[in-house]
**Q** 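Dropping the structure in here first, questions after.
The sequence lines fix the lettering, A, B, ..., with proteins before strands; numbering per chain opens at 1.
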Amino acid sequence: MYENKDVLLSIKDLKVYYSTSKGIFKNSAGYIKAVDGVNLNIYRGQTLGLVGESGCGKTTLGKGILKLVKPFGGNIYFNIDGNSHDTINLHEKEFRSFRKQVQMIFQDPYASLNPRMTVRDIIAEPLICLGSMKSTNEIDKKVYEVAVMCNLHPEHLSRFPHAFSGGQRQRIAIARALVLNPSFIVCDEPVSALDVSTQANILNLLIKLKKDFGLTYLFIGHDLNVVAYISDIVAVMHIGKIMEIGTTDDIFNNPTHPYTRLLLRSVPDVDKENIKKLRMFSRAFSEKFTNSHGCNFRSRCEYAKEICNKTAPSLRTLNSKNEHFVACNFAEDVIVSEYFYKKKAV
Amino acid sequence: MSSEQGYETVLEIKDLGISFSTDEGDVRAVNGVSFALKKGITLGIVGESGSGKTATTQSILGLLSENARIDNCSKVIFKHPQKGIIDLIKLGKNDTNWSDIRGRYISMVFQEPSASFSPIYRIRDYFYETMDLHLKIKDKNKREEFSLEMLSKVGIPDPKGCFGRYPFELSGGMKQRVMIAIALLTHPLVVIADEPTSALDVVVQAQILLLLRKLQQDLGMSLIFVSHDFGVIRQIADEVAIMYLGEVVEYGSIKQITASPFHPYTKLLLGAIPRFEHRNTFLSSVPGDIPSPLNRPSGCPLHTRCPSIIKGLCDKSSPNFLTIKGKHKVRCFFCEKLMKEGN
Ligand SMILES: Nc1ncnc2c1ncn2[C@@H]1O[C@H](COP(=O)(O)OP(=O)(O)O)[C@@H](O)[C@H]1O
Ligand SMILES: Nc1ncnc2c1ncn2[C@@H]1O[C@H](COP(=O)(O)OP(=O)(O)O)[C@@H](O)[C@H]1O
Ligand code: SF4
Ligand code: SF4
Ligand SMILES: [Mg+2]
Ligand SMILES: [Mg+2]
């Protein structure tokens, strides 16, 4: 996929399972397959958007890539300085250098900042833990520089996080993520807790920083408008698996997986009344991680046939450009039937 | 009560002002809000967090916290089907009149379904409680039949199974459906829904919006739907009030507001929404941060952030409502100037 582009991270068959105790509300298999065999390439300088309903495994995938949770299986290749490193088997020293290159910004700007540290110390912490800077002067200079970049007032550096609004706290979190000059940042729903006007500020900032520093993002979100707005490539996730991946254009103008189509139809459009057109075939999302046979979307799918209970579809390409991948046994039927649906709706 | 275009007003808020006293001082949460809710109409209230949406709706049912103080001149006028006109603001916390208003003629749906259920009761207990209080249906079979019908109306796939469950056994979307079913059980005249879908995923949100819209029309109820999400409001509301720092700054039909917004704040809010068609362009955003409600700006509340500010005027006096066309009203000096120049 996208062979001529520069791959920064290559994720092969990544699995992250959480073990659970047995009980009526836990599944009896003993683990939740939060990420279940994900393959992805993330290209240098691009933003990969990851969408899906809550609980589908987005955060776990982001953490798995950064090794903040221990993968159950799979490989992650990280390309730095022209060499490809398998991050699963890094030595202590290599791991430290990997940790400097990759950062994560979390959804909740209230919970992710230590309330007992000043903004200056919060931003400086990664420099002290992982960086090579020793002198206070040098550190202050760097903190000042990233703070200004993130539109924070330098006089705010001596304050504590509680004194700030949600948008300001998220800018502090971004400054902290930037301080080690990383090449890759996982943005885990960074604007989901913010109001739309503040959200616009943060999105504008993330886009500017990406351009200025050639950053690569994995942008996790549940608001499809936001993900469409910021991403170059979009992956759609459902219960631990990628259902469809393609350029933002492919996903939003030519969605092919029944799940992608359901998601897109459900997005409330501010410019017109669109929800009325939603066909109410879909049953609610249920987190069932136990049965690994078959397609995990089948209980909600209007196209499901007998074979979908037995055979789990894997990602395959439908166009010659090799850019648009779909995991559905009946993708061709979906395209045809949606064509008729569209014609009828007009 | 006046009727406009044949619609009868069921609930009217007049000059609502609410302050909360806190350790840091007085928070002016709502500042002179007025609107009339007509029968069978959905009124959307949009605004960023902290704009006073929840305080406004909570004042209707007397649910404000102890530290709240409502202005003396404020009125919430409800047209009770039997008792006639009642000013709900004047009812004390324990006034007996509440018993056949709250949960009977006016009911509420909250954002967090989990917070409104106690884990020790089954779903059916909530139904029976509402029926005991308001509907006086004593027959056991009738009660069950009535409840199950409501549960299937809100799209619960297995009403009987759901009836015997505990709230924590249901997903967020299912809980929200159950809460809607309970709220609608008494066929209320007014339903107040405060961000009822904000905690839900987009597919479930769409289902709940469709459902609320359908039930509201079938039962002829009036709905107050509060949200910070303009897209959601677009789907459900007939009329919209835009709130900023405790004031309604623009009011109109949903089409008027989304197609031809006048107020600088409404325009900024609409422009800040990312749209697929406008990718690769910068989003408009309201400059600066929202002022602390502890020290509200003088004059027009937006003047500290407004791109259209008229210096010497906006920071000194507060604009009045100006009618643009029909229901469409705006409070802004700049719009006044534009209208004058246009004429
Ligand atoms: N630390 C954990 N222990 C056990 N289960 C977890 C843990 N973190 C997440 N999960 C479960 O894994 C699944 C995926 O979670 P998550 O990655 O947070 O999803 P998302 O970010 O898409 O909402 C969910 O079912 C969640 O309950
Ligand atoms: N119980 C309370 N005590 C003190 N301040 C409050 C209380 N409830 C709300 N406020 C303040 O009143 C303002 C309006 O709040 P709210 O009505 O909850 O806004 P919204 O629902 O639009 O987010 C906010 O500044 C909020 O901090
Ligand atoms: S594989 Fe079958 S169940 Fe899965 S999305 Fe395709 S048609 Fe639906
Ligand atoms: S009154 Fe003045 S400050 Fe307020 S919105 Fe209008 S132009 Fe802006
Ligand atoms: Mg998450
Ligand atoms: Mg609120």
**Q** Between A:Val270 and B:Arg275, what is the shortest heavy-atom contact and its length?
**A**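 Looks like CG1-NH2, 3.1 Å.
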**Q** Taking only Lys NZ, Arg NE, NH1 and NH2, and the carboxylate oxygens of Asp or Glu, determine whether A:Asp271 and B:Arg234 approach each other closer than 4.0 Å.
**A**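 No salt bridge links A:Asp271 with B:Arg234.
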**Q** Using modelled atom types and a 3.5 Å cut-off, is there a donor and acceptor pairing between side-chain atoms of B:Glu48 and backbone atoms of A:Val196?
**A**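 Not at all, since once roles are kept as given, no pair shorter than 3.5 Å links the two residues.
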**Q** Taking the side chain as everything from C-beta on, heavy atoms only, tell me whether A:Pro268 gets closer than 4.5 Å to B:Val202.
**A**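 In short, these two side chains touch, coming nearer than 4.5 Å.
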**Q** Of the backbone (N, CA, C, O) and the side chain (C-beta and beyond), which part of A:Ser231 lies under 4.5 Å from a heavy atom of chain B, both, or neither?
**A**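 Backbone only.
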**Q** For B:Thr258, is it the side chain, the backbone, both, or neither that has a heavy atom closer than 4.5 Å to a heavy atom of chain A?
**A**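 It is the side chain, since no backbone atom gets that close.
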**Q** Measure A:Asp223 against the heavy atoms of chain B and call it side chain, backbone, both or neither at under 4.5 Å.
**A**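 The answer is neither part of A:Asp223.
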**Q** Using every non-hydrogen atom in the two residues, find where A:His222 and B:Asp201 come nearest and quote the distance to one decimal.
**A**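 Heavy atoms only, the tightest pair is CB-OD1, 4.5 Å.
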**Q** Do A:Arg300 and B:Val203 come within less than 4.5 Å of each other through their side chains, counting heavy atoms only?
**A**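 With C-beta onward as the side chain, the pair touches.
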**Q** B:Leu270 versus chain A, heavy atoms under 4.5 Å apart: side chain, backbone, both or neither?
**A**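 The side chain, not the backbone.
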**Q** Please give me the minimum heavy-atom distance between B:Pro274 and A:Val226, naming the atom from each residue.
**A**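 Closest heavy-atom pair between B:Pro274 and A:Val226: CG-CG2, 3.7 Å.
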**Q** What part of B:Leu268 gets within 4.5 angstrom of chain A, counting heavy atoms only: side chain, backbone, both, or neither?
**A**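 For B:Leu268, neither part sits under 4.5 Å from chain A.
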**Q** Just verifying a value: how many Å separate B:Phe282 CZ and A:Leu203 CG, rounded to the nearest 0.5 Å?
**A**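 It comes to 10.5 Å.
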**Q** When rounded to the nearest 0.5 angstrom, what distance separates CG in A:Asn201 from CG in B:Leu283?
**A**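 A:Asn201 CG to B:Leu283 CG: 9.5 Å, rounded to 0.5 Å.
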**Q** A:Ser266 and B:Gln205: side-chain donor and acceptor closer than 3.5 Å?
**A**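 No, no side-chain donor-acceptor contact under 3.5 Å.
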**Q** Would you mind checking which part of B:Ser284 comes under 4.5 Å of any heavy atom in chain A, side chain (CB onward), backbone (N, CA, C, O), both or neither?
**A**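 Contact with chain A involves the backbone of B:Ser284 alone.
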**Q** Could you state the interatomic distance from OG (A:Ser197) to OH (B:Tyr244), rounded to the nearest 0.5 Å?
**A**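 Reported to 0.5 Å precision, the distance equals 8.0 Å.
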